2 protein chains.
Amino acid sequence: MSTLVANISQFITLSSKEKEVIEKAFYPKSLRKGEIWIKEGNICEDVAFIVSGKLRSYYINESGEEVTCFFMQPENFISSFTSFLTNTPTHENIAALEETELKIISKKDLERISELIPQLQIFRRIIAENLFIIMEKRISMLQSQTAYERYENMLKENQDIIMSVPLQYTASFLGISPQHLSRIRKEILK
Amino acid sequence: MSTLVANISQFITLSSKEKEVIEKAFYPKSLRKGEIWIKEGNICEDVAFIVSGKLRSYYINESGEEVTCFFMQPENFISSFTSFLTNTPTHENIAALEETELKIISKKDLERISELIPQLQIFRRIIAENLFIIMEKRISMLQSQTAYERYENMLKENQDIIMSVPLQYTASFLGISPQHLSRIRKEILK
DNA sequence: ATGAGTCCTGAACAAATGTTAAGAAATGCT
DNA sequence: AGCATTTCTTAACATTTGTTCAGGACTCAT
């Protein structure tokens, strides 16, 4: 059983026939380090499951700087969800931070197999709910913690990301300047 | 047709029998101004539809101050979702900002009618997805805009809330001190 | 109407964070 | 290995935001 189907089977019960339908609806795609999967300005028509690798979503602000929205890890589903769900052009880019393997499904195929396998609606709901929980936590941190506290917390929860991406990505993810993050790091070393 | 059922019918097609099942699964509750519906420390077992009125969710931080998480308007579903979904005690309170009418359903009943009416899974997915979209926008604002810009934006999008709640609620919602919001207001008047 | 409490404003100062600019360190390419 | 490029650190200064405290405005119950 592929990691994709195994992942979905954590949440809903599937027959082997259904597993096969799901498996066939996704197609694989490899990304080299730095390669862009989703490009701003397009309407995002796909969702992907990360088999291996890491990705980052970011947009370019008015000053021309990259603002990192999210880091994405294996065993998760990714997309430019707002664009995907509202059929509007996305303002974000999604790029591979390292050699990455995706399994992709189009919106059309997702709707098609969701009709064949109604439990997939449950699965899709759970995915959305879990994203919600992650976002709520992030809002709370941005809203009420200092940059120092946010970084400390990220060190605890996502040290692997911090260690593997440029400092500037982490800084903009935390909503601060690279210089300030550098300052915070020095502070923590004491 | 109740506003509750009408709202759900925007997203999925329901027979009149199904509408009746849904209608019966919810029970009404009135809140006086200031009355608390969800109290921190409890596991939230319910979801409510706001028929009329406004609510606010907030928590008490380490310094004993209230931090406003969200404002909630009629025609929306509310809950302490993270608690509801993960069966963990909530740290938030949800209180009525004014005279409020809710229609409440328990988790157990929600699961029960979702089995009777499978399209409800689709509806629940859409609700979660729409919450996600709202949260993503809020994260982007907190992450990359100044307090002044966040307030300007809220003036555009939620002037009604700003006008009807104490300044301190708006301030903590925006992640700033009441004094600073007062300063921003003065600045904008010029 | 009166007074207690709450909420808002204002100002002075403190702390957090951004900006600029320069050099040091790391990385990638050939 | 060596050069070019990108990334990181540092420091000085600017700006934003928080904190404290005082007073004024507003609410609400009596």
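Please read all numbers here as calculations on a predicted model, not as lab measurements. A, B, ... follow the sequence lines: proteins, then strands. Residue 1 opens every chain.
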Problem set entry | Nucleotide dA16(C), atom P - distance to CD of Q145(A) in whole Å | 15 Å
For this session: Please report, rounded to the nearest Å, how far the P atom of dT16(D) is from the OH atom of Y151(B).
Result: 18 Å
For this session: Tell me what G175(B) touches on the nucleic acid: a base, only sugar-phosphate, or nothing, going by heavy atoms under 4.0 Å.
Result: sugar-phosphate
Exercise. Got a salt bridge between E157(B) and K137(B), using NZ or NE/NH1/NH2 to carboxylate O under 4.0 Å?
Worked result: yes
Seminar exercise, completed: DNA chain D nearest-nucleotide lookup for K33(B) and T146(B): closer to the 5′ end is T146(B)
Exercise. For the pair made of CG in L167(A) and P in dT9(D), what is the distance, rounded to whole Å?
Worked result: 6 Å
Problem set entry | Contact under 4.0 Å: K186(B) side-chain N or O vs dA11(C) OP1/OP2 | yes
Exercise. Any Lys/Arg nitrogen of K33(A) or E98(A) sitting under 4.0 Å from an Asp/Glu carboxylate oxygen of the other?
Worked result: no
For this session: Measure from CZ on R183(A) to C1' on dA12(D) and round the result to the nearest Å.
Result: 11 Å
For this session: With heavy atoms under 4.0 Å as the rule, sort S177(B) into base, sugar-phosphate or nothing.
Result: base
For this session: Using whole Å, report how far CG of L181(A) lies from P of dT10(D).
Result: 12 Å
Exercise. Does Q179(B) make a side-chain donor-acceptor contact with the base of dT9(C), cut-off 3.5 Å?
Worked result: no
Exercise. Only one of S80(A), S57(A), S172(A) forms a side chain to side chain contact (heavy atoms under 4.5 Å, CB included) with C69(A), so which one is it?
Worked result: S57(A)
Seminar exercise, completed: Checking dC8(C), dT17(D), dG18(C) against the side chain of H180(A) (C-beta onward), the nearest is dG18(C)
For this session: Please report, rounded to the nearest Å, how far the C1' atom of dT16(D) is from the CG atom of L174(B).
Result: 15 Å
Exercise. Between atom CD in Q168(A) and atom P in dT27(C), what is the gap in whole Å?
Worked result: 13 Å
Exercise. Rounded to the Å, how far apart are E187(A) CD and dT10(D) P?
Worked result: 12 Å
Problem set entry | Nearest listed nucleotide, side chain of S182(B), among dT17(C), dT9(C), dT17(D) | dT9(C)
Exercise. For R125(B) and Q121(A), does a side-chain donor sit closer than 3.5 Å to a side-chain acceptor?
Worked result: yes
Problem set entry | Passing option when F77(A) is tested against F49(A), F11(A), F84(A) for ring-ring contact (aromatic ring centres under 6.0 Å, His included) | F49(A)
